[in-house]
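As structure tokens, the structure follows; a few thoughts come after it.
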Number of protein chains: 2
Amino acid sequence: MAGVTLKQLITHVIYREKAMEVSKAEFEILNAIWAEYPCTAKDVVDRLNQQDSWHEKTVKTLLGRLVKKQAISFEKRSRHYLYQPLIDKNEYIIKESDNFLKRLFGGKVSPLVASFAKSEKLSQNDVDELKKIISDWEQSND
Amino acid sequence: MAGVTLKQLITHVIYREKAMEVSKAEFEILNAIWAEYPCTAKDVVDRLNQQDSWHEKTVKTLLGRLVKKQAISFEKRSRHYLYQPLIDKNEYIIKESDNFLKRLFGGKVSPLVASFAKSEKLSQNDVDELKKIISDWEQSND
DNA sequence: AATTGTAGATTACAGTTGTAATCTATGGTG
DNA sequence: CACCATAGATTACAACTGTAATCTACAATT
């Protein structure tokens, strides 16, 4: 620990206080794990490579970072690790959505939908789905 | 330019090819400018400080970065600059929303709304607004 | 048992970001 | 006209990111 500045030390000590932030690339990894877990690093690589092209080394790095951030954990199975999420997908997605809506739309969904409607990014199908969601909501809120 | 690696050079040459990325802090600045422009750095600081606390130096740095990224431009007025956006607020917001929805919800709005409904983050007011948006949409799409 | 492929650990490295402090030049003030 | 406050320019700097290459150790194979 030689050469560590006081600031670094303090930063480290209060690390746990900070809200955990998952970067975009890390989220892709997390998402692949959520698909089915526990799973190996190879599983993750394979899943990701169905869509895009991820270098195995990159995926390993990101898995390591997610472990350090305590977003996932692993269990040793002889040669390889079995990874598994420590955070819930729905919870995470809600939190992220909430943050996003706060930053851009005052925290509400409707302005987003309105903005999509205005720029013609809303299809009949989207509207049908929205109507269904609304009627379900009304069903359970009276 | 001595000591520049080939990779750096290439990165720089193809710089314009990359989609411009505005960071979160930069977005706050942009947002303050969109409120009313042209405006000075001081205007931006004042506007931001109505809500949060921004250091003047930080704001200046971010203004500089936005200029470099060609997200805003300025015009000299003797001692100070008059800043003004180079990107349209609605366009930017739509693009960001689209990206966000692609990353988390397969690109569609309804799953976001559904997820909000499920976690009880939807108020009667939100629902009323959504209904209004939908009926307006249907009005103009038949 | 020696060898080797491979899994994870460590190291690399430039770019971005948040957050400012310091430098420099100039317009306004006494 | 000299001086200074201040605006913008430059510099700082650690953390985070994306993207991998290299190192190290062990399990499976011959």
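Convention: sequence-line order gives letters A, B, ...; per-chain numbering from 1. Predicted model, so just to flag it, every value in this text is computed and none were measured. Hydrogens, waters and symmetry mates are skipped; everything else that's a heavy atom, side chains included, is used.
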Spacing between [X] atom [atom1] and [N] atom [atom2], to the nearest angstrom:
X	N	atom1	atom2	value
A/His80	C/dG5	NE2	C1'	15 Å
A/Lys69	D/dA15	NZ	C1'	10 Å
A/Leu63	D/dT19	CG	C1'	14 Å
A/Lys76	C/dG8	NZ	C1'	8 Å

**OP:** Under 4.0 Å from any atom of DNA chain C, heavy atoms only: list the residues of residues 21-51 of chain B that qualify, in numerical order.
**Re:**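 Heavy-atom cutoff 4.0 Å gives B/Ser23, B/Lys24, B/Ala25.
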Subject >> Interface residues of residues 52-62 of chain A with DNA chain C (non-hydrogen, below 4.0 angstrom) >> reply: A/Lys57, A/Lys60
**OP:** May I have all residue pairs that pass salt bridge (charged side-chain N to carboxylate O under 4.0 Å, His left out) and include part of residues 76-93 of chain A, sequence neighbours excluded?
**Re:** A/Glu75-A/Arg77
Original post:
How would you list all residue pairs meeting salt bridge (charged side-chain N to carboxylate O under 4.0 Å, His left out) that involve residues 103-112 of chain A, not counting sequence neighbours?
Top reply: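 Counting only pairs at least two positions apart or across chains, the salt bridge (charged side-chain N to carboxylate O under 4.0 Å, His left out) contacts touching residues 103-112 of chain A are A/Lys108-B/Glu129.
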Original post:
So, does A/Gln139 use its side chain to make a donor-acceptor pair with the main chain of A/Asp136 at under 3.5 Å?
Top reply: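 The answer is no, because no donor-acceptor pair under 3.5 Å joins these two groups.
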Original post:
Between the two ends of the helix from C/dA1-D/dT30 to C/dG30-D/dC1, what is the bend in degrees, rounded to 10 degrees, where each end axis spans five pairs?
Top reply: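 Between the first-five-pair axis and the last-five-pair axis there is 20°.
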Subject >> Contact under 4.0 Å: B/Lys68 side-chain N or O vs D/dA9 OP1/OP2 >> reply: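 No, outside the criterion.
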Subject >> Phosphate-side-chain proximity, B/Tyr81 and D/dA9, N/O vs OP1/OP2 below 4.0 Å >> reply: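 Affirmative; the distance criterion is met.
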With 3.5 Å as the limit, what N/O pairs link the protein to nucleotides 26-30 of chain C?
unit_1	atom_1	unit_2	atom_2	d
C/dG27	O4'	B/Arg79	NE	3.3

